[in-house]
Amino acid sequence: MTTVAEKRPTNAGHDGGRLPLEYTRHEGPLNILGFWIFLATDVVLFASLFATYFVLRTHVDGGPTDKELFGISGFTIETVLLLTSSFTGSLAVYAMRNGNKKRLLGWLIVTLLLGIAFVGYELHEFLDYAAEGATMQRSAFLSAFFTLVGTHGAHVTFGIIWMASIIVQIARYGIDAINARKTFIVSLYWHFLDIIWIFIFTTVYMMGVVS
Amino acid sequence: MLESLKEFAGHFFVTGEPLIYMSDVAIVVVSLAIVFTLTYLKKWKWLWKEWLTTVDHKKIGIMYLISALLMLFRGGVDALLMRTQLALPNLHFLDPQHYNEIFTTHGTIMILFMAMPFLFALFNIVVPLQIGARDVAFPYLNAISFWLFFFGALLFNLSFVIGGSPDAGWVSYPPLTELATDPGPGENFYLLSLQISGIGSIATGINFIVTILKMRAPGMTLMKMPLFSWSVLASCIIIVFAFPALTVALALLMFDRLFGTHFFTMLHGGNPMMYINLFWVWGHPEVYIAVLPAFGVISEVVATFSRKSVFGYKSMVAALMVITVINYLVWAHHFFTMGASAGVNAYFAVATMLVGIPTGVKVFNWLFTMFRGRIRLTLPMLWAIAFIPCFAIGGATGVMLAAAPADYQYHNSFFLIAHFHQTLIGGVVFGLLAGLYYWWPKMFGFILDERLGKWAFWFFNIGFYVCFMPMYALGFMGMTRRVYTYPAETGWTGLNFVSTIGAYLMGIGFLLIVAQVLYSIKYGKRDVTGDPWDGRTLEWALPSPVPHYNFARIPEVSELDAWWHMKQNGETLAAQNKKAPLEPIHMPKNTGRPFIMGVFFFIAGFGFVFNWFWMGAIGLIGVVITLIARSQERDTEYEIPAEEIRRTESALGRL
C-alpha cells in the first residue's frame, strides 16, 4: 500500500506546500482518481436516464404534457439554490486551502443548507404535480420525468448526508490530509450534480416550457 | 391464523415439483453438514478472521473462484436438465414452466454469477502480483465488491426454492416481464440480484483501473506492462462505461413492476424496445468484458510455454484498445429484426464485422508467438491451443450473424445458440481454465495433476464439439431457441440426441476437473520454487503461496517480461531484499463491515422482491449506516514491523 509514496518520495509532503494537502497522503491521489472514474460511471447512468426521457417525452397518453406541467418559478428557484450551493462549495474548498477551519465549516454548512432547501423545493414541486394528478404512474412521460429528476434529487440527498458526516469530522479533527481529501472529493461530487442539473434545467425544463 | 400461515407458506416456498423437493433436502443437508463441520473443527473464528473479514486481494480472489466453480456446477446442472428435455421429441421430463425457469437461470448464472466472478478471481489474484503492488488501490472497496456479488448470487439462487425462479430468459425482455404478464416474485429476484451484484462489478472496474494506472512498480511503464494486466485494464474500462446502462435498465423495469410506472409497458405510452436497447448497450460490451481477460490469459500462457516474448506486443495492446472502443458501437446487432431502417442496420452490421479485425490480429500474434517457439504441452497450454480454433470458428459464425439481411434467418435460432456458446465457452471458459491451471500453483502452492487434467481436457473438448456443432445445423433446419419440445416430424431428433450426448461428455469433463483438484490437494506436485513454469512476469518471482504483503521490497522493472530479464541477468528478489535493510509495510486492516453491508443489501433486496417495503427500507438504512461508519473511520491501516518481514522472508528462503 505504500507503493505510491515510495515511488515519489519527494511528493510525500516534503516539498513545502507545492502539492495540495489532499494529495499528500499515499491514498489521496488514488481516491481522487477513483472518484473521477466513479463520476464517469454516473455520467453514463444519467445519460441512460436522459436518453429514456427523450424517447418517452412525448408519450403522454392524453395526460399532462411537459409544457402544461412545469411551473417556471419552481424550477428557477431550484436552479438558483443549487448553482449558489456549488459556488459556496468552492468557497469552502478555498477556505480549506487557506487552512481556515472556521470558514471551511461555515461555507460547508451554507452549502448543506442550500442543498436541503433545493431538495425541499423539489419535493414540493413533485407533490404539487402529484396533487394535479400527474403521478409517475400516469404516463410514460411522467415515469421518465420523475425518475430522471428524482435520481438527481436522490443524489443530492445522499450528498447532504455525506457532507454532514464530513462536517462532523472537520469539527473533530481539523483540516488534515484525510479531511482535505474527503472535502475535496465531496466537492467534486457536488459540482458534478450541479452540471447534471444544468442539463436537466435546459433540456427538460427549458425545452419543455418553450416547446 | 394457522390457515393464513399455511397459505403464505404455500406461496412463499416453491411446491409441487419433485426435483425442487430433492433440492430442498440437499440444501438443508449440505447447510447442516457445513455448520456441523465448522463447529466440530472449531473453525468459526477462523472463518470470520481469515476469510469473511479479509481485505487481502489473494483471499478475495480465492473466494471469487470458489463461488464461480459452485455456480458453474449449478449452471451446468441446468444445462444438462435442458439437454435431457430436448434429447428426444415430445419428452415431458420437465414441465414447460420449469423449462422456462431453467433456461433463464442457466443463462443468468453462467454469465453473471459464473463468468464474472471467475474473471474477478483472476483479476484479484494476478494483477497486483503482476504489476508489483502490495494490494489493489481500494482493498476495502474490493471486499465490498465481493460481498455484493456473493449476496446477489445468493438472492438469485434462493429463488428456486423460495418464491419461484425468473422465467423470461436471461435477457428478461418486457413486455413479457411486466407485472401483468409475469406476476409473482420470480422476475423481481432477477432484477434485484443483478442490481446488487452489478454495483459490486462497477466498483471492481473502478478499483482495477486505478490499481493499474497508479500502482505499477517503478520502471514498469504502460508499454512494459504484461498483457494480462492490459486486458484487465481494457475489461475494466468497458465495465465502467457499460454497467451503468444495465443499472438503469434493471431499475426502470423494477419501477414498472414495483411502483406501476410505464417505461416498458404496452399501455400509457411505454416503449419495450427502450429496455432492449439499454440492456444491450450493456449486454454487448459485457461479452468483451468477459473475453478480453481471456485473451490476456492466452497471451501470457502462449508466451510462457513457447519460451518467447509475445509476438507483436504493441499490436496486441492496440488491438485490445480498439476493441474497447468498437464494442460500444455494435449493440443493435442483437435485434436487427426490431425494424430499424436499412441505414441503421447497415451501420451496426459493418461496425460488428470491424471487431473481427483486431481480434484477427490477436489470433495471428498468438500463432506467430508459437511459431518456432519451444512449445511445452502443459495443461494451460493445451487449453490455450484449444481456444484458438474454437474461438476462431465462433468469430466466423459471428460475422455470419452480423450480416443484417441474413440475420433475419438466423435470429433466435439454434444457430445463434451455437455461435455464442462457442465464443463464451470456446473463448471465455477455455481461456479462464487455461488461467486457472496456469496460476493455480501461485494461489495454492501445488500443481494440478496432469493425467486427470488431460482426461478432463479431452472429455470437455470433444464434448463441446459434439454438443454445439449439431446446433448450427438445427438452427438452419428451423429450430428456435427456448422451445420446450418438438414433434418427431421436424426431423430434429438425431441431431438433438447427439447434442445431448455432447453435453453429458462436458459434464463428465467437469467432474474430472473436480476429481483432479481433490486428488491434487493430496498428491499434486508441490511448487517449492514459486516459478514452476519458468515464467516471465513478476508474479513468478514470488514464493507460492505468496506472503500477505506480496513484495518485501517493491522490485524495480526495466523491461517487458520483467522476471524473465531478472533471471537472464542472474537476479532474484532475494538478492534485491539483501541490498538494503527491509522497511516496515503499511497494510489495510481486516474489517467485517463489507460483509455486514452485503447482508443489509441482501435484506433490502429480499424485501423488495416480495414488495415488503418495510424490509427493503430496513436494509437500505443499514447500508447507509455502514457507509457513514466507514466515512467516520480514520484508523484503517496497521504496520507490519520490518523484523516480522525479515522473519517471514528468511523462513521462505528469500533472505
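For clarity, every value in this text was computed on a predicted model and none was experimentally measured. So you know, we letter chains A, B, ... as the sequences are listed, proteins then strands, and number each from 1.
In terms of non-hydrogen atom pairs under 4.5 Å with chain A, the most contact-rich of B/Phe551, B/Phe241, B/Phe243, B/Tyr549 is B/Phe241. Most heavy-atom pairs under 4.5 Å with chain B: of the set A/Val55, A/Leu49, A/Thr52, this distinction falls to A/Thr52. Contact count versus chain B (heavy atoms, under 4.5 Å) is highest, among A/Leu142, A/Leu56, A/Val43, for A/Leu56. Among B/Ile239, B/Val248, B/Leu252, the residue with the largest count of heavy-atom pairs under 4.5 Å with chain A is B/Val248. The candidate from A/Ala140, A/Ala51, A/Ser139 with the greatest count of non-hydrogen atom pairs under 4.5 Å with chain B is A/Ala140.
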Inset, instruction - Could you walk me through whether A/Trp197 and A/Phe192 pass the side-chain contact (heavy atoms from CB on, under 4.5 Å) test, one step at a time? - result: CA-CA 9 Å; A/Trp197 181 261; A/Phe192 167 76; over 6 Å; no
Legend entry - Chi angles and distances behind the side-chain contact (heavy atoms from CB on, under 4.5 Å) call for A/Tyr53, A/Thr203: CA-CA 10 Å; A/Tyr53 178 78; A/Thr203 63; over 6 Å; no
Inset, instruction - Show the numbers, then the answer: is there a side-chain contact (heavy atoms from CB on, under 4.5 Å) between B/Leu222 and B/Arg216? - result: CA-CA 9 Å; B/Leu222 278 173; B/Arg216 298 188 311 280; 3.5 Å; yes
Inset, instruction - Kindly determine whether B/Thr221 and B/Lys224 satisfy side-chain contact (heavy atoms from CB on, under 4.5 Å), including the steps that lead there. - result: CA-CA 5 Å; B/Thr221 59; B/Lys224 286 174 187 165; 3.6 Å; yes
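Both the backbone and the side chain of A/Leu33 come within contact range of chain B, with heavy atoms under 4.5 Å apart. At a 4.5 Å heavy-atom cutoff, A/Ala47 makes no contact with chain B through either its backbone or its side chain. Contacts between A/Asn31 and chain B at a heavy-atom distance below 4.5 Å involve backbone atoms as well as side-chain atoms. Of the atoms belonging to B/Leu627, it is side-chain heavy atoms, and not backbone ones, that fall under 4.5 Å from chain A. Heavy-atom distances place no part of B/Leu246 under 4.5 Å from chain A, backbone and side chain included. Contact of B/Ser631 with chain A is made through backbone and side chain together, with heavy-atom distances under 4.5 Å.
Between the B/Ser235 side chain and the B/Ile289 main chain, a donor and an acceptor come within less than 3.5 Å of each other. Remark: side-chain polar atoms of B/Lys58 are not paired, donor with acceptor, to backbone N or O of B/Asn124 under 3.5 angstrom. A donor-acceptor pair under 3.5 Å is formed between the side chain of B/Asn327 and the backbone N or O of B/Thr324. A donor-acceptor contact shorter than 3.5 Å links the side chain of B/Arg553 to the backbone of B/Ala580.
Put simply, the side chain of B/Ile276 reaches to within 4.5 Å of the side chain of B/Met273, judged on heavy atoms. At least one side-chain heavy atom of B/Lys214 sits under 4.5 Å from a side-chain heavy atom of A/Leu30. Counting only heavy atoms from C-beta outward, the side chains of B/Pro285 and B/Tyr328 approach each other to under 4.5 Å. Using a 4.5 Å heavy-atom cutoff, the side chains of B/Ile202 and B/Thr247 are in contact.
Listed by sequence position, A/Met136 are the residues of residues 111-136 of chain A in contact with chain B, using a 4.5 angstrom heavy-atom cutoff. Proximity to chain B at a heavy-atom threshold of 4.5 Å picks out A/Thr147, A/Phe158, A/Ile161, A/Ser165, A/Val168 from residues 145-168 of chain A, in numerical order. Listed in order of number, the residues of residues 57-66 of chain A that approach chain B to under 4.5 Å between heavy atoms are A/His59, A/Asp61. Listed by sequence position, B/Phe255, B/Phe259, B/Gly260, B/Thr261, B/His262, B/Phe263 are the residues of residues 253-263 of chain B in contact with chain A, using a 4.5 angstrom heavy-atom cutoff.
Comment: A/Glu27 engages A/Arg181 in a salt bridge, judged by a side-chain N to carboxylate O separation of less than 4.0 angstrom. Ion pairing of B/Arg634 with A/Asp176 is present here, as a side-chain N (NZ or NE/NH1/NH2) and a carboxylate O approach within less than 4.0 Å. Under the 4.0 Å criterion applied to side-chain N and carboxylate O atoms, B/Lys589 and B/Glu633 are not assigned as salt-bridge partners.
Atom CD of B/Glu644 and atom CD of B/Glu639 lie 10.5 Å apart (nearest 0.5 Å). Taken to the nearest 0.5 Å, the CG atom of A/Leu108 stands 9.0 Å off from the CE atom of A/Met96.
Taking the ring centre of B/Tyr140 as origin, the terminal cationic atom of B/Arg593 falls outside the region bounded by 6.0 Å and 45° from the ring axis.
By the 30° and 60° cut-offs, the orientation of the rings of A/Phe35 relative to A/Phe38 is tilted.
B/Gln130 and B/Ser229 share a side-chain donor-acceptor pair at under 3.5 Å.
Environment of CZ in A/Phe199: sparse, with no more than 12 heavy atoms of neighbouring residues, nucleotides or ligands closer than 6.0 Å. Atom CZ of B/Arg630 is surrounded by more than 12 heavy atoms from other residues, nucleotides or ligands within 6.0 Å.
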